[in-house]
2 protein chains.
Amino acid sequence: MTIRRRPTINDVAAEVGVAASTVSRAFTVPGRVNPRTRQQILEAAERLGYVPNPAARAMGSGRTDTVALLVPDITNPFFSGIIKGAERAVGAAGKTLVLGDTEESPAVEARLLERLGPAVDGFVLAAPRLPDADVRRAATRNRVVLVNRVVPDVACVVADYESATRQVVDHLASLGHRELVFLAGPAESWSGAQRWAGLETAARARRMLATRLGPYAPTLDGGPAAAEAAIASGASAVVCHNDMLAIGVMRRLADRGVRVPEEVSVVGFDDIFGADFCHPPLTTLAERTQEAGAAAIEVLLHRSGTPTVIAPTELKIRASSGPAA
Amino acid sequence: MTIRRRPTINDVAAEVGVAASTVSRAFTVPGRVNPRTRQQILEAAERLGYVPNPAARAMGSGRTDTVALLVPDITNPFFSGIIKGAERAVGAAGKTLVLGDTEESPAVEARLLERLGPAVDGFVLAAPRLPDADVRRAATRNRVVLVNRVVPDVACVVADYESATRQVVDHLASLGHRELVFLAGPAESWSGAQRWAGLETAARARRMLATRLGPYAPTLDGGPAAAEAAIASGASAVVCHNDMLAIGVMRRLADRGVRVPEEVSVVGFDDIFGADFCHPPLTTLAERTQEAGAAAIEVLLHRSGTPTVIAPTELKIRASSGPAA
DNA sequence: TTGAAAGCGCTAACAA
DNA sequence: TTGTTAGCGCTTTCAA
């Protein structure tokens with residue numbers, strides 16, 4: 001199909017015989033234009049197929065009515081909840097949400113920030129991979145709210161990792177496990193660091209032995225290597241950086257003939273789609289991702305200052321964890 | 001943090017002592033500016049933290065170097081492949097990809113099209129929910145490529161549903177099934193219609209009885225109702241609109257004590273993340289989603305006219321299908 | 001190789 | 001209530 005020029009505000013103005021500014025007002029401050037004039041304008045716009053150009057609008061006014069949400073991996077079901085929550089909140093505010101997938105790459109993340117920056121009112125950065133300095137820099141050019149990452153002076157909403165890790169350790173302890181290994185994700189992962197720190201503290205309080213192995217890729221593909229290491233460690237309980245890794249680990253354990261949970265208990269983080277129908281169903285720490293996504297948008301849109309919102313967490317006990325052998 | 005004004009091309013021009021147009025050229029047509037001048041400009045830009053504003057750029061030039069990919073449900077793992085494929089192709093072309101989730105809503109889809117239209121060079125619409133007329137209209141304002149949807153005169157890449165459905169029917173027939181029920185998705189779904197049409201044709205050729213039930217929501221939540229209907233039908237094989245529904249159906253069957261595949265075989269479409277580790281692992285028709293996503297971008301960026309690309313499909317046989325009872 | 005100037009589509013004073 | 005006039009940040013003629 002051949003692409004036609006979009007009609008502009010001037011086309012509408014000419015059609016009706018008014019000034020462009022009047023057309024502009026008809027759309028932006030309806031109260032300040034004669035109802036009859038407005039009616040004519042709206043009709044002409046409809047007839048011509050005119051739609052305000054948000055980019056041009058933004059240049060003059062500075063507002064875009066659009067916010068961007070950047071996630072490291074759109075494939076990871078963990079971020080789906082955040083996206084859905086953000087969508088709800090953005091929709092309720094009458095704004096538009098655009099999504100960006102940073103592909104776990106700081107470079108891509110920076111590019112997106114740069115590219116989208118002038119076109120949006122603000123960013124929600126879910127578990128950003130960028131160094132603190134870059135996050136802070138982005139925050140000087142746009143409003144920024146982080147999810148599951150803390151950078152001084154930048155607003156954020158984070159899961160309650162302290163409670164989360166305590167729940168995990170208490171659960172394992174109550175099943176009689178005396179030691180656990182943590183199969184770590186990427187070294188740069190802020191949430192990974194929080195999880196390990198929490199586990200270690202909670203384990204010490206329980207007089208359990210906690211060991212960290214890794215890093216491993218936080219994906220299914222990270223599973224085999226992590227599983228081998230876990231087997232070699234001889235621990236009766238393994239806690240994985242996230243569910244993707246945990247599922248990958250369980251697969252490998254199955255391949256190796258190691259029974260879960262009879263010989264090894266496996267626990268994940270995130271409660272992703274699939275965690276309850278994988279085999280065996282995965283015990284995992286659920287974050288309130290939808291709430292977190294919505295909260296982040298709330299903060300971005302309405303709150304000033306640099307608030308920190310703590311989102312509650314909940315341990316979902318399923319069949320992948322059981323009594324120590 | 002307090003938001004600071006972005007430096008503009010004028011700030012850089014003033015800093016270096018050249019005209020704004022020279023700065024512009026330094027970024028857009030490097031060949032047509034003195035290497036030394038250019039060097040100074042680049043340094044000044046770096047120093048001031050100047051980054052070209054893509055929106056402003058687009059207003060003057062019409063090009064944005066950005067393309068948008070709209071999917072009905074970012075949560076649905078089926079679209080992840082398309083997204084990943086599109087990302088790869090867009091990255092290779094040095095452009096930027098933004099994502100939009102239409103939330104299965106034609107209204108949201110229209111809004112996104114409208115909002116993003118002036119800000120992008122083109123759209124890839126994956127399985128759009130919009131009526132043909134609206135899709136065509138969008139295609140008069142932007143370049144548009146469809147995935148798994150056909151609208152006359154609009155470029156598209158579609159899965160080979162004819163082969164796909166034949167593979168499914170042949171598989172079931174070879175297992176001794178004499179009839180199948182198709183648990184349909186949304187009535188408006190183009191791909192759903194293709195799937196049913198193909199199944200019906202293939203079944204007739206095999207002298208199998210094919211019945212359609214539904215529509216059901218193409219989600220886990222659609223499962224219970226669909227499963228009840230499937231049980232009531234007494235068929236030994238059910239083919240589901242997609243994997244999400246299939247997994248939902250299998251869950252319900254399990255709850256109802258119906259064994260899969262001993263009593264009922266279940267087949268899905270999409271081969272989503274989770275299809276191979278749900279219980280039992282799901283037999284499903286895999287589309288080459290990454291290739292489809294990449295192909296769509298190729299067409300959008302490079303090809304003119306209104307090509308139709310047919311993507312191959314492959315039946316993944318797993319444990320959810322077995323011999324007829 | 002560079003600068004001046006017009007214009008992209010729209011908003012926002014300022015007058016009238 | 002409406003029109004006029006500047007911009008917003010950038011690209012793109014057209015001249016020099």
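Just so it is clear: chains get the letters A, B, ... in the order the sequence lines come, proteins before strands, and each one is counted from 1.
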* Could you please spell out the steps behind the side chain to side chain contact (heavy atoms under 4.5 Å, CB included) verdict for Leu69(B) and Val90(B)? => CA-CA 11 Å; Leu69(B) 167 56; Val90(B) 166; over 6 Å; no

* Asked: Side-chain donor-acceptor pair under 3.5 Å between Arg129(A) and Thr102(A), yes or no?
  -> no

* Structure fact -> Paired with Val23(A), the side chain to side chain contact (heavy atoms under 4.5 Å, CB included) test is passed by just one of Thr28(A), Asn10(A), Val18(A), namely Val18(A)

* Kindly determine whether Val71(B) and Leu99(B) satisfy side chain to side chain contact (heavy atoms under 4.5 Å, CB included), including the steps that lead there. => CA-CA 8 Å; Val71(B) 301; Leu99(B) 270 14; over 6 Å; no

* **Flag, side chain of Asn148(B) to backbone of Ala159(B), donor-acceptor distance under 3.5 Å** => yes

* Structure fact -> Nucleotide by nucleotide, nucleotides 9-16 of chain D touches protein heavy atoms under 4.0 Å in the pattern (B base, S sugar-phosphate only, - none) BSBBB---

